[in-house]
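These numbers were taken from a predicted model, which means no experiment stands behind them. The residues of the chain are indexed from 1 along the displayed sequence. The analysis underlying the following values was restricted to heavy atoms, covering all of them including side chains, and did not include hydrogens, waters or symmetry mates.
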Amino acid sequence: MRERAQKVVVITNVKDTENSYFHLGLAFRLQHNSRPTTTLTLSVSVGLCFAAAHHGVLELFFLFVVWALQLVSAQTITDPAEVAALNKLIDYWNLRSKLNLTIDPCTENAPWASEDANPRIVCDYTASPCHVTHLKIYALDIFGEIPSELFVLRKLMDLNLGQNVLNGPIPAEIGELSEMQYLSLGINNLTGQVPAELGNLTKLTSLSFSSNNFFGPLPKELGNLTSLQQLYIDSSGVSGPIPEEFANLKSLQNLWASDNIFTGKLPEFFGTLTELIDLRLQGTLLEGPIPSSFAALTKLTDLRIGDLNGEDSTLDFLENLNILSTLSLRNCRLSGQIPEGLANFASLKLLDLSFNKLTGRIPNFISRFCFFRVYIMIICLRYLGNNNLSGELPEKIISSKLIALDVSYNPLSGNLGHNSGKVGLSVNVVGTSINANSLQDRKPFGLLQCLNGNTKCSNKFHSSSFSIKSGGTELTSSFGIEFNDESETLKAASFYTSSDYRWAVSNTGNFISNPNGPQYIAKTDSQIIGTLDSELYKTARISPSSLRYYGLGLKNGKYSVDLHFAEIVMEDLQSWKGLGQRLFDVYIQGERVLQDFNIQKEAGGSKRALIKTFETNVTNTIMEIHFFWAGKGTCCIPLQGTYGPLVSAIHVSQVSTGVGDSNSDKQRVGRLVGIAVGCAAGVVIISSIFYLWWAKESSGHKKVFTDSPKHNLVS
């Protein structure tokens with residue numbers, strides 16, 4: 001229509017060159033036919049009058065045709081069905097205050113068409129009628145199911161409904177939007193199975209449905225998306241094997257798939273996806289080994305695999321992946337030695353090989369990496385014999401650019417070197433024989449050297465309890481328990497002990513991409529529900545990987561362990577910011593007592609106090625309480641780097657000193673005296689014991705007896 005009108009103008013220009021200024025102006029207005037009709041009509045009407053006065057009927061006729069065409073082109077330019085659908089969507093999602101379509105939706109330069117508009121509507125202005133191609137309703141907390149009106153917008157190329165509270169399933173009609181190139185449904189409350197019809201969107205280059213509540217397997221039809229470059233499905237709830245059809249995704253560059261219930265072997269075909277730049281597979285049920293085919297992924301800059309079961313893996317596949325900047329293979333059952341080829345990884349900034357079974361020496365080249373953060377706590381607990389790193393620590397391992405060094409729980413020896421006390425460096429050598437004289441306080445490291453193997457701990461202290469206010473200052477509870485200050489600034493590889501050497505704390509890990517920087521303490525000003533000690537829960541210690549507390553110099557015997565929790569970071573909100581899930585494991589004396597523990601779920605909401613009570617034995621004067629992130633839970637709600645263990649306080653007290661101790665003798669004498677005095681006293685005692693037991697159990701506390709041998713995270 002526009003082309004015909006412009007041709008008419010050209011003809012009249014040939015007919016009359018004296019009024020070329022007028023005709024050029026008319027042509028300009030025709031090319032900008034989104035201007036209001038009144039302006040266009042006025043300009044043409046003036047032209048008609050001018051022509052009638054100075055020229056003949058023929059020119060008047062031509063100008064009349066132009067005017068008629070211009071009137072038609074200035075009418076509503078968006079498909080009426082799409083306009084109606086947009087208005088229904090706006091009302092359904094209660095967006096009228098943010099997006100009120102008082103003029104045609106596809107009006108050029110409309111306020112909702114700008115790059116930073118939200119909501120945003122963009123059209124294809126070349127079509128007649130125009131069609132909506134871009135729709136963004138991002139992080140506005142819209143709720144409800146995805147309505148059918150959305151699928152009237154058949155020409156959509158970019159749909160962003162991320163970070164809202166949408167529920168219900170993804171309708172199968174999604175497969176009718178065949179022009180779609182970018183689809184984001186991440187961070188919502190969507191349920192059901194991922195529809196196979198997504199496989200019809202063969203023009204997709206980016207697809208996200210992460211952080212939702214889907215169930216069931218990934219549809220094999222997603223393998224049809226051969227143009228796909230970005231796939232974000234982490235924490236989506238999907239399960240089962242990764243479909244073999246994913247081998248067709250040869251254009252894939254980013255794949256985030258952590259925190260899903262994937263089963264089976266880590267796919268060999270991943271090694272054929274040679275365009276991959278960023279691959280993340282942590283916190284699944286996938287089994288190793290890491291296939292040798294991964295050696296072909298030479299474009300990788302970020303590789304994060306973790307928490308593998310099954311067979312052991314080696315690091316041989318890394319040889320040619322030398323442009324990596326982030327390499328995390330935490331808890332992957334790695335065995336063998338650290339390969340010399342890592343010396344060529346000049347861009348490597350973060351290396352995490354923790355919780356594995358690597359052997360041999362730490363290579364000298366480790367110190368060459370710029371801004372290198374080394375997490376080589378290879379053996380997760382202790383008593384693994386030779387299945388760990390050994391020998392002397394490299395003499396120059398602490399370079400000027402090193403930020404954190406953790407070589408704990410390895411039978412290592414040697415010295416830290418003269419740079420170990422430099423500002424900004426954090427070091428953890430717990431459970432080694434490394435000479436830590438250069439550190440400010442060497443004594444606690446000596447106390448814990450016995451964790452290196454089967455050596456008997458010979459601490460001179462004699463304590464039967466300890467209480468710690470994790471992440472906070474000293475506090476006395478309403479029950480008279482004095483919780484010690486534990487507000488020390490911990491870093492990425494830290495160890496700290498109390499002034500009286502009754503307890504210690506160890507932290508490893510780094511919150512990658514946290515906008516607030518490295519923070520290991522959480523705080524709130526809100527009141528905590530369900531407790532008389534709200535202040536006890538207003539601060540908490542958090543960790544991105546591994547957080548351990550040690551009781552030192554304890555008398556051997558049986559102990560009660562009270563762990564205090566309250567979720568103070570993830571809130572109960574009717575918002576996408578309330579959709580996060582924190583999951584972690586807890587080990588006491590090497591026994592896992594909590595798996596996939598969700599504070600918010602167990603307590604019945606955020607900012608609610610929760611106490612979990614356990615019993616354990618101390619046989620070597622030391623107690624270890626280990627909070628461990630196994631790669632599960634959301635990573636980025638409400639902020640990047642929101643995950644990992646959180647604990648508010650710890651209280652440990654001795655219950656008994658074992659069989660045949662003085663307490664047992666006293667109890668035996670008491671029973672004999674009770675019998676002699678009369679049955680009435682016995683009834684009272686039994687009734688009291690029953691009442692206390694009932695009160696304890698009704699509080700929701702859980703007892704786990706840990707008399708069995710300690711287990712390692714990797715075995």
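For the pair L252/F246, no side-chain contact is recorded, criterion being any heavy-atom separation below 4.5 Å from C-beta on. Side chains of V132 and L156 form a contact here, defined as non-hydrogen atoms less than 4.5 Å apart. Residues E149 and Y92 form no side-chain contact, since every pair of their non-hydrogen atoms from C-beta on lies 4.5 Å or further apart. Side-chain atoms of L166 and I142, non-hydrogen and from C-beta on, do get closer than 4.5 Å to each other. Residues L334 and L315 have side chains in contact (heavy-atom distance under 4.5 Å, counting atoms from C-beta outward).
In this structure, Y537 contributes its side chain and I529 its backbone to no donor-acceptor pair below 3.5 Å. When atom types are taken as modelled, the side chain of K538 and the backbone of K523 share no donor-acceptor pair closer than 3.5 angstrom. When atom types are taken as modelled, the side chain of R304 and the backbone of L281 share no donor-acceptor pair closer than 3.5 angstrom. Not one N or O on the side chain of D352 forms a donor-acceptor pair closer than 3.5 Å with the backbone of R330. A donor-acceptor distance shorter than 3.5 angstrom exists from the side chain of S251 to the backbone of T226, with no hydrogens or angles considered. Judged by distance alone, with hydrogens and angles left aside, the side-chain atoms of N164 form a donor-acceptor pair with the main-chain N or O of G162 at under 3.5 Å. Checked by atom type and distance alone, the side chain of T133 pairs as donor or acceptor with a backbone atom of V122 at under 3.5 Å. For D585 (side chain) and A630 (main-chain N/O), no donor-acceptor pair under 3.5 Å exists by modelled atom type. In this structure a side-chain-to-backbone donor-acceptor pair under 3.5 Å is missing from N213 to L190. A donor-acceptor pair is defined here as one N or O able to donate and one able to accept, closer than 3.5 Å; such a pair exists between the side chain of D259 and the backbone of G633.
Here the two rings, on F511 and Y520, have centers that are under 6.0 Å apart.
Here the closest non-hydrogen pair linking P105 and C123 is O-SG, 4.1 Å. Between H131 and D79, the shortest heavy-atom contact is CE1-OD2, 3.6 Å. Of all heavy-atom pairs between V194 and P219, the closest is O-CG, 3.6 Å. Listed here is the closest heavy atom pair of R608 and I528: C-CG2, 4.0 Å. Closest non-hydrogen pair, I103 versus W112, comes out as CG1-CH2, 3.7 Å. Between L249 and L273, the shortest heavy-atom distance links the atoms O-CD2, 3.4 Å.
Between the side chains of N260 and S236, at least one donor-acceptor pair of N or O atoms lies under 3.5 Å. For the residue pair S178 / K203, no side-chain donor-acceptor distance below 3.5 Å is found, with atom types taken as modelled. The closest side-chain donor-acceptor pair between N320 and T298, if any, does not fall under 3.5 angstrom. In summary, the side chains of N160 and Y182 do not present any donor paired with an acceptor at a separation below 3.5 Å, with no hydrogens or angles considered. Side-chain atoms of S575 and D141 form a donor-acceptor pair, as typed in the model, at a separation below 3.5 Å. Side-chain polar atoms of S606 and D572 form a donor-acceptor pair below 3.5 angstrom.
Remark: of the listed residues I277, T274, L279, L279 is the sole one forming a side-chain contact (heavy atoms from CB on, under 4.5 Å) with L300. The salt bridge (charged side-chain N to carboxylate O under 4.0 Å, His left out) test with R154 singles out one residue from E173, E82, E176, and that residue is E176.
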Exercise for review: Evaluate the side chain to side chain contact (heavy atoms under 4.5 Å, CB included) criterion for residues V165 and K577: first the C-alpha distance (whole Å), next the side-chain angles of each, then the deciding distance (0.1 Å), finally the verdict.
Suggested key: CA-CA 9 Å; V165 202; K577 295 181 180 179; over 6 Å; no

Review point. Are E571 and K607 close enough, and set up right, to give a salt bridge (Lys or Arg N to Asp or Glu O under 4.0 Å), and what steps lead you there?
Key: CA-CA 8 Å; E571 301 194 44; K607 297 184 175 66; 3.3 Å; yes

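Enclosure of atom NZ in K265 by more than 12 non-hydrogen atoms of other residues, nucleotides or ligands within 6.0 angstrom is indicated. Heavy atoms from other residues, nucleotides or ligands lying under 6.0 Å from CG of D596 number more than 12. Atom CZ of F151 has more than 12 heavy atoms from other residues, nucleotides or ligands within 6.0 Å. Within a 6.0 Å sphere centred on CZ of F269, heavy atoms belonging to other residues, nucleotides or ligands number more than 12. Counting heavy-atom neighbours within 6.0 Å of K220 NZ, excluding the residue itself, gives a total of 12 or less.
Between F597 and F584, the ring planes are perpendicular. Angles over 60° get that label, and only those under 30° would be called parallel. Between F214 and F209, the angle of the ring planes goes over 60°, which puts this pair in the perpendicular group of the 30/60° scheme. Between Y587 and H626, the ring-plane angle classifies as tilted under the 30° and 60° cut-offs.
Between the OH atom of Y232 and the CG atom of L207 there is a distance of 10.5 Å, given to the nearest 0.5 Å.
In this structure, C106 and C130 have their SG atoms no less than 2.5 Å from one another.
Between E602 and K612 there is a salt bridge, since a side-chain N of the basic residue sits under 4.0 Å from a carboxylate O of the acidic one. Between K299 and E275 a salt bridge is recorded (basic side-chain N to carboxylate O distance below 4.0 Å). Under 4.0 Å is where a charged nitrogen must lie from a carboxylate oxygen, and between D158 and K136 no such pair does. The existence of a salt bridge linking E115 and R120 is confirmed by a sub-4.0 Å separation between a basic side-chain nitrogen and an acidic carboxylate oxygen.
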